[in-house]
Amino acid sequence: MTEQIFIHRVVTLFPNAIVRKLLLMLTFLLVFWVIYFSSKDHTKFLFSLRNPISLNYWNIFRKSFYQEEPLNPEISPTETELRIEGIVEKLDQLFPPRPFTHVTSTTSATHSTATILSPQDTYCRGDQLDVLLEVRDHLGRRKQYGGDFLRARMSSPALQAGASGKVTDFNNGTYLISFTLFWAGQVSLSLLLIHPSEGVSALWRARNQGYDKVIFTGYFANGTSQVLSDCGLTLQVNAELCEYLDHRDREAFYCVRPPRVPCEALTHVTTRNTNISYLGKEEWSLFQRFNMGVEITKNFTSIKVLPCNKSENIETKCQLGMKTPFPSGYTLEKRWIAAFCKQIELNESKNINNCLKRKLIYLMGDSTLRQWIYYLQKVVKTLKFFDLHGAGVFKTHMLLDAERHILIQWKKHSHPFITRSVYSVKDEDYIPREIDRIAGDRDTVLVITLGQHFRPFPITVFARRAINVQKAIERLFLRSPETKVILKTENTRDMSQNAEMFSDFHGYIQNLIMRDIFVDLNVGIIDAWDMTIAYNTNNIHPPDNVIGNQINMFLNYIC
């Protein structure tokens with residue numbers, strides 16, 4: 001009866017049929033609007049009845065009819081996972097499993113042969129010299145696949161000169177080794193078999209099997225004493241854990257929670273290596289020192305290079321964003337000379353001071369970058385250490401020159417950081433977070449290095465960190481495109497160390513990843529890997545003359 005009265009009144013008030021239809025449509029929309037918003041949020045709906053209809057509600061209503069793509073959508077967290085999976089897949093193809101039954105079936109340096117292609121009595125400076133390498137096993141049988149980890153170097157000891165050679169793997173047991181003859185003189189060529197392909201395959205498999213080659217010990221403050229607890233990037237224990245998570249970047253560190261001590265009480269960490277290995281007994285024989293870095297047999301001794309009146313001048317100044325070739329340069333009379341840009345020598349204190357004036361320089365990474373701050377303090381006497389308190393060599397280091405408004409700061413990258421020394425976890429963060437705190441401007445410079453401390457862990461740990469750093473740099477460039485960013489690759493190290501954990505093969509892979517991830521960014525590259533091969537310094541901490549040449553390259557980028 002009520003419905004009939006309502007319809008009769010509508011017909012009386014609105015005799016026109018079209019008007020009546022419009023009214024019914026509006027009534028329908030109003031009812032829909034009421035039901036929709038009261039189902040979404042009753043409180044907000046009641047509040048909206050007492051206030052003008054907001055644009056937000058109108059947009060929600062409109063989007064229910066018209067599906068729109070959001071503006072500038074945030075990158076899904078799964079994108080990083082997909083990128084990591086893609087990196088691992090590429091590396092799995094590059095380092096496939098290789099059959100291994102006995103050492104005799106692996107590549108032998110003494111049975112392999114290296115031959116110069118198109119040999120000449122003399123060569124000209126600037127020429128390319130190619131060497132064909134054919135590898136055989138210990139029984140003299142020709143290898144049918146590649147994957148050996150090789151190192152090629154040319155040198156002239158009398159000139160204190162050296163450079164890397166480029167290795168091309170044909171994946172059939174033959175390799176092309178290319179040398180650019182950068183200088184004139186008597187030049188020796190060296191080809192080293194660091195690991196046979198079977199050893200490379202074993203290292204790649206072992207690296208990605210576990211996180212437990214290193215034990216982390218956390219120090220929790222408990223009044224005037226400390227409580228120690230096991231920590232790590234992952235922990236497989238049935239115990240309550242303290243979780244130190246970066247949800248955005250999906251970085252994690254865990255500790256077993258000590259009884260009656262809050263997780264926030266973690267202040268320091270130290271590490272020690274374990275005896276856990278994922279290599280078989282036969283495989284370990286490949287990593288004895290006498291089986292690593294063995295000189296490959298060659299049918300030549302040295303070659304003679306003449307100047308031939310060839311010009312070697314490069315006019316383009318070193319600048320950010322340049323693509324660095326391999327080799328990226330060479331050393332001559334102990335001085336590093338870039339092969340792709342023109343350098344200016346800034347080796348006097350006055351010149352360096354002028355270059356650094358008003359600069360804010362943030363060094364982020366490991367102890368190979370901390371060497372820079374020690375070197376600069378020795379060379380530039382106006383730079384003085386500012387005591388930020390803390391203890392040990394891994395505390396934050398800062399140099400100041402108040403008169404010239406120069407600040408240089410070094411901070412270690414966060415987990416994983418491997419050292420027997422006890423270090424604080426309160427004065428540092430993951431590098432992406434540190435970058436996010438920097439406003440940036442034309443006089444702000446970041447130098448970043450990653451690698452050495454990541455070698456004992458699955459490659460996904462390093463790949464994730466590198467991707468997160470790349471994203472942080474992109475965010476930095478959005479708010480400050482003039483900020484200068486430089487990447488220093490990791491350097492080579494002593495071959496007598498535990499190869500499963502610290503082999504240069506792991507560093508080589510990480511360098512490949514860094515170059516792939518940062519290829520499109522407007523950053524400078526200091527190729528410490530190439531430099532340390534050229535200088536033939538197999539020390540995790542290169543000598544001062546190498547550090548000085550790294551810094552000179554850095555100064556050429558920023559001044």
Side-chain angles (χ1 to χ4, degrees), residues 91 149 151 194-195 203-204 206-208 211 213-216 232-233 251 253 269-274 287 292-293 363-375 392-395 397 410-421 423 425 428 430-432 434 447-466 468-469 486-515 517-518 525-533 535-543 546-547 550:
L91 293 171
F149 185 43
R151 180 170 299 166
I194 308 298
H195 303 306
L203 287 177
W204 178 240
R207 173 169 186 170
N208 295 300
Y211 294 78
K213 301 185 191 79
V214 177
I215 290 178
F216 293 80
L233 303 182
E251 301 270 14
F253 189 74
V269 169
T270 187
T271 69
R272 61 182 175 86
N273 301 339
T274 70
F287 305 106
M292 295 190 296
L363 310 177
M364 303 177 182
D366 56 34
S367 55
T368 64
L369 198 53
R370 190 190 68 223
Q371 285 182 271
W372 284 27
I373 211 163
Y374 293 153
Y375 182 89
V393 294
F394 297 114
K395 67 180 180 179
H397 289 57
W410 174 83
K411 273 191 175 185
K412 64 183 177 296
H413 65 68
S414 191
H415 313 297
F417 203 83
I418 302 171
T419 175
R420 294 179 181 177
S421 301
Y423 61 90
V425 294
E428 45 84 17
Y430 294 115
I431 287 180
E434 296 283 359
V447 185
I448 299 165
T449 191
L450 294 170
Q452 297 283 351
H453 294 260
F454 289 79
R455 293 187 182 190
F457 301 98
I459 198 63
T460 53
V461 177
F462 180 82
R464 182 183 305 280
R465 185 67 53 81
N468 289 336
V469 169
I486 295 162
L487 302 177
K488 184 185 80 68
T489 67
E490 61 184 290
N491 50 260
T492 58
R493 64 185 295 169
D494 191 349
M495 280 184 273
S496 65
Q497 292 282 353
N498 180 332
E500 183 176 1
M501 294 175 62
F502 297 112
S503 167
D504 276 343
F505 166 69
H506 299 311
Y508 169 71
I509 294 174
Q510 291 171 176
N511 275 330
L512 291 179
I513 292 173
M514 289 287 281
R515 288 185 175 276
I517 288 174
F518 292 93
I525 302 292
I526 295 176
D527 196 341
W529 183 270
D530 191 14
M531 292 176 75
T532 47
I533 292 176
Y535 279 102
N536 198 30
T537 59
N538 297 314
N539 190 325
I540 188 173
H541 296 119
V546 178
I547 299 302
Q550 291 177 2

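Just so you know, these numbers use all the heavy atoms, side chains as well, and skip hydrogens, waters and symmetry mates.
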Please tell me if the side chains of [X] and [Y] come closer than 4.5 Å, counting only heavy atoms from C-beta onward.
X	Y	answer
V469	I517	no
Y508	I194	no
V214	L233	no
I547	Y374	no
M364	W410	no
M514	I525	no

Any residue meeting salt bridge (charged side-chain N to carboxylate O under 4.0 Å, His left out) with [X], in chain and number order, not counting sequence neighbours:
X	value
R515	D527
K412	D427
K411	E434
D530	none

R272 and F216: CA distance, side-chain angles, deciding distance, side-chain contact (heavy atoms from CB on, under 4.5 Å) verdict
CA-CA 7 Å; R272 61 182 175 86; F216 293 80; over 6 Å; no
Quick one: do K488 and T368 satisfy side-chain contact (heavy atoms from CB on, under 4.5 Å)? Show the steps, please.
CA-CA 10 Å; K488 184 185 80 68; T368 64; 3.2 Å; yes
How close do [X] and [Y] get, heavy atom to heavy atom, and via which atoms?
X	Y	value
P456	F502	CG-CE2, 3.7 Å
T489	W529	OG1-N, 3.2 Å
A499	M292	CB-SD, 4.0 Å
A466	F518	O-CZ, 3.5 Å
F457	P416	CE1-CB, 3.5 Å

Distance-only, no hydrogens or angles: does the [X] side chain make a donor-acceptor pair with backbone N or O of [Y] under 3.5 Å?
X	Y	result
R465	F454	no
T271	T419	yes
H453	I418	yes
Q371	P542	yes
T449	G365	no

Decide whether [X] and [Y] meet the rule of one side-chain donor and one side-chain acceptor closer than 3.5 Å.
X	Y	result
H415	Y430	no
T537	N539	no
W372	Q550	yes

Assess whether side-chain contact (heavy atoms from CB on, under 4.5 Å) is satisfied between V461 and Y211, documenting all intermediate values.
CA-CA 10 Å; V461 177; Y211 294 78; 3.6 Å; yes
Using 0.5 Å steps for rounding, measure from the [atom1] atom of [X] to the [atom2] atom of [Y].
X	Y	atom1	atom2	answer
L369	I448	CG	CD1	9.5 Å
L450	L487	CG	CG	8.5 Å
R207	K213	CZ	NZ	8.5 Å
H506	N511	NE2	CG	13.5 Å
F149	L203	CZ	CG	9.5 Å
F505	R455	CZ	CZ	11.0 Å

Quick one: list whatever passes side chain to side chain donor-acceptor pair (under 3.5 Å) with [X], sequence neighbours left out.
X	result
N491	none
T492	T532
H195	S503
T274	none

What pairs with [X] under side chain to side chain contact (heavy atoms under 4.5 Å, CB included), at least two apart in sequence or on another chain?
X	value
S367	R370, F394, H541
A463	I84, I87
I540	Q452, R493
N468	D249, E251, P432, R464

Please report the C-alpha distance between E490 and Q510 in whole Å, then the side-chain angles of each, then the deciding distance to 0.1 Å, and finally whether the side-chain contact (heavy atoms from CB on, under 4.5 Å) criterion is met.
CA-CA 8 Å; E490 61 184 290; Q510 291 171 176; 2.6 Å; yes
Between F417 and Y423, how do the two ring planes meet: parallel, tilted or perpendicular, split at 30° and 60°?
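Correct class here is perpendicular.
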